[in-house]
Amino acid sequence: MSSFPSVLESIDDLNKNQIDLLISLAHRYKELNNSPVNSFEKTPIVATNFLENSTRTKHSFAIAIQKLGAIHLEFNAETSSLKKGESLEETLLTLHYQGVDACVIRTNISHQFHEFKKSPPIKIINGGDGTNEHPTQALLDLFTFKNYFDGVDKLKGKTITIIGDIRHSRVSHSLMKLLPQYGMKIILCGPNNFLPEEKQAEGIVINQNRDEALKDSDLVYMLRIQNERHSQSNSKEPFSLSDYISNYGVHIDTIKKLKITPPIFHPGPCNIGVELDQALVKSNLYMGYEQVVNSIPMRMAILHAILNNNDHNIGKINGEKIKFSAN
Ligand code: CP
């Protein structure tokens, strides 16, 4: 297996074997639940640096770091020397010389970590960069889908419909790279100014009719309107929230009309009353909290792989080599 990347910016930074190993590791960490784990020879230090708001990613990495027995350094951007004009690179080099092994970073600047790939100041895990990618969210989603369908091989041929603001969503960009590798088909559904501008890869189609798209779905993945990123977009199309809710919101009644009711996923944060209604979020079709549960073992797996890279401990938990099977 080739080395895990020092900068995990994109799903493209991982090969299929590495993704399968992450699924196996996450599976084992989930089985171990709250039992103590020993995954490292030397206790690593991991910083989290959230330059943009977060609830799920920030806290699940913090919990994953602590569950792995690593030391967590919560970097406070507001009180840091970034505010005195220090660059992100200088900041990361400083953390490196302080003994920090890796840093999870969220930023509103797309591709901000790309320049670090040639000569990484520290190991970097992308916790979401602008509209570009959110690879760890896509990986935990894949793990959740695999658990839902009882095996990664069962995902082949399944159709997922992604509804909402696909163009500005970093999660959708990572999912579109990841899910076709497991044979999943993707339908994109949303108004013109929320659809991707670029041509789609094979296996990805657009259907702007929500009800038609839902009929063909084995899973549905809802996205929030990314209002904070619309200033970066050049779209000038008029937008009516009430039309959007009628045409692209999914309600319990929308789903109950279907012959087969698909599970509903959402990476969060969810704007209840816009993309989903309260009754659907409270129903047993809603899988958003399952994604939150699975975020911890998957982020433990990602930290394990990146921190143990090139080490004989990779793939070992509590001294035992885990069974390598993505199923
Ligand atoms: N899914 C996700 O990235 O949520 P947060 O913005 O709360 O981290």
Side-chain angles (χ1 to χ4, degrees), residues 8-11 13 22 26 46-67 72 74-78 102-113 124-145 147-148 160 162-179 190 194 219-230 232 250 263-276 280-281 286-303:
L8 174 58
E9 182 197 22
S10 162
I11 289 296
D13 295 323
L22 291 176
V46 182
T48 51
N49 182 354
F50 278 72
L51 305 171
E52 197 194 75
N53 293 359
S54 168
T55 296
R56 276 147 285 267
T57 312
K58 178 175 170 167
H59 296 123
S60 70
F61 265 113
I63 293 164
I65 292 163
Q66 283 164 42
K67 284 197 169 206
H72 179 211
E74 186 172 350
F75 182 90
N76 184 336
E78 285 307 306
C103 188
V104 180
I105 313 177
R106 169 166 291 187
T107 170
N108 63 2
I109 303 171
S110 300
H111 306 283
Q112 194 176 12
F113 314 126
I124 295 172
I125 298 173
N126 181 359
D129 64 322
T131 59
N132 180 37
E133 282 211 44
H134 195 348
T136 69
Q137 177 71 45
L139 289 162
L140 75 89
D141 291 336
L142 174 69
F143 181 57
T144 308
F145 303 159
N147 291 344
Y148 184 87
I160 178 169
I162 304 179
I163 304 180
D165 189 357
I166 296 149
R167 186 184 299 178
H168 306 98
S169 158
R170 50 198 173 206
V171 180
S172 71
H173 298 142
S174 291
L175 287 173
M176 286 192 273
K177 291 178 175 177
L178 181 63
L179 302 182
F194 288 179
L219 318 75
V220 176
Y221 197 98
M222 302 303 296
L223 293 173
R224 173 179 74 86
I225 302 174
Q226 314 269 311
N227 286 310
E228 71 278 23
R229 294 184 219 293
H230 289 180
Q232 296 169 19
V250 174
I264 310 293
F265 296 83
H266 196 310
C270 177
N271 289 142
I272 296 173
V274 181
E275 62 266 25
L276 291 173
L280 190 42
V281 172
Y286 184 64
M287 295 293 135
Y289 302 121
E290 206 47 39
Q291 288 164 276
V292 173
V293 168
N294 288 323
S295 70
I296 312 282
M298 178 47 88
R299 288 184 167 130
M300 289 172 81
I302 293 164
L303 289 163

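Both counts, for ligands and for their atoms, begin at 1 and track the order of listing. Side chains included, hydrogens not; waters and symmetry mates left out as well; all remaining heavy atoms used. These figures come from a predicted structure and were not determined experimentally.
The aromatic rings of Y148 and F265 sit perpendicular to each other, their planes meeting at more than 60°, with 30° as the lower class boundary.
In summary, the side chains of R106 and H134 do present a donor paired with an acceptor at a separation below 3.5 Å, with no hydrogens or angles considered.
By the 3.5 Å distance cut-off applied to N or O atoms, G268 is counted among the residues near ligand 1.
Shortest contact from atom 1 (N) of ligand 1 to any protein heavy atom: P267 O, 2.8 Å. Among protein heavy atoms, the minimum distance from atom 2 (C) of ligand 1 is reached at T57 OG1, 3.5 Å. Protein heavy atom closest to atom 4 (O) of ligand 1, with residue, atom name and distance, is R56 NE, 3.2 Å.
Close approach of ligand 1 to T55 (heavy-atom distance below 4.0 Å) involves ligand atoms 5 (P), 7 (O), 8 (O).
Residue R106 places a heavy atom less than 4.0 Å from ligand 1.
Proximity of N132 to Q112: side-chain heavy atoms (C-beta onward) are nowhere separated by under 4.5 Å. Looking at heavy atoms from C-beta onward, H230 lies in side-chain contact with F194 at the 4.5 angstrom threshold. Counting only heavy atoms from C-beta outward, the side chains of V292 and R56 approach each other to under 4.5 Å.
Screening T131, I162, L223, L175 for a side chain to side chain contact (heavy atoms under 4.5 Å, CB included) with S169, the sole residue that qualifies is L223.
Nearest to atom 3 (O) of ligand 1 by heavy-atom distance, out of Q137, H134, R224, is H134.
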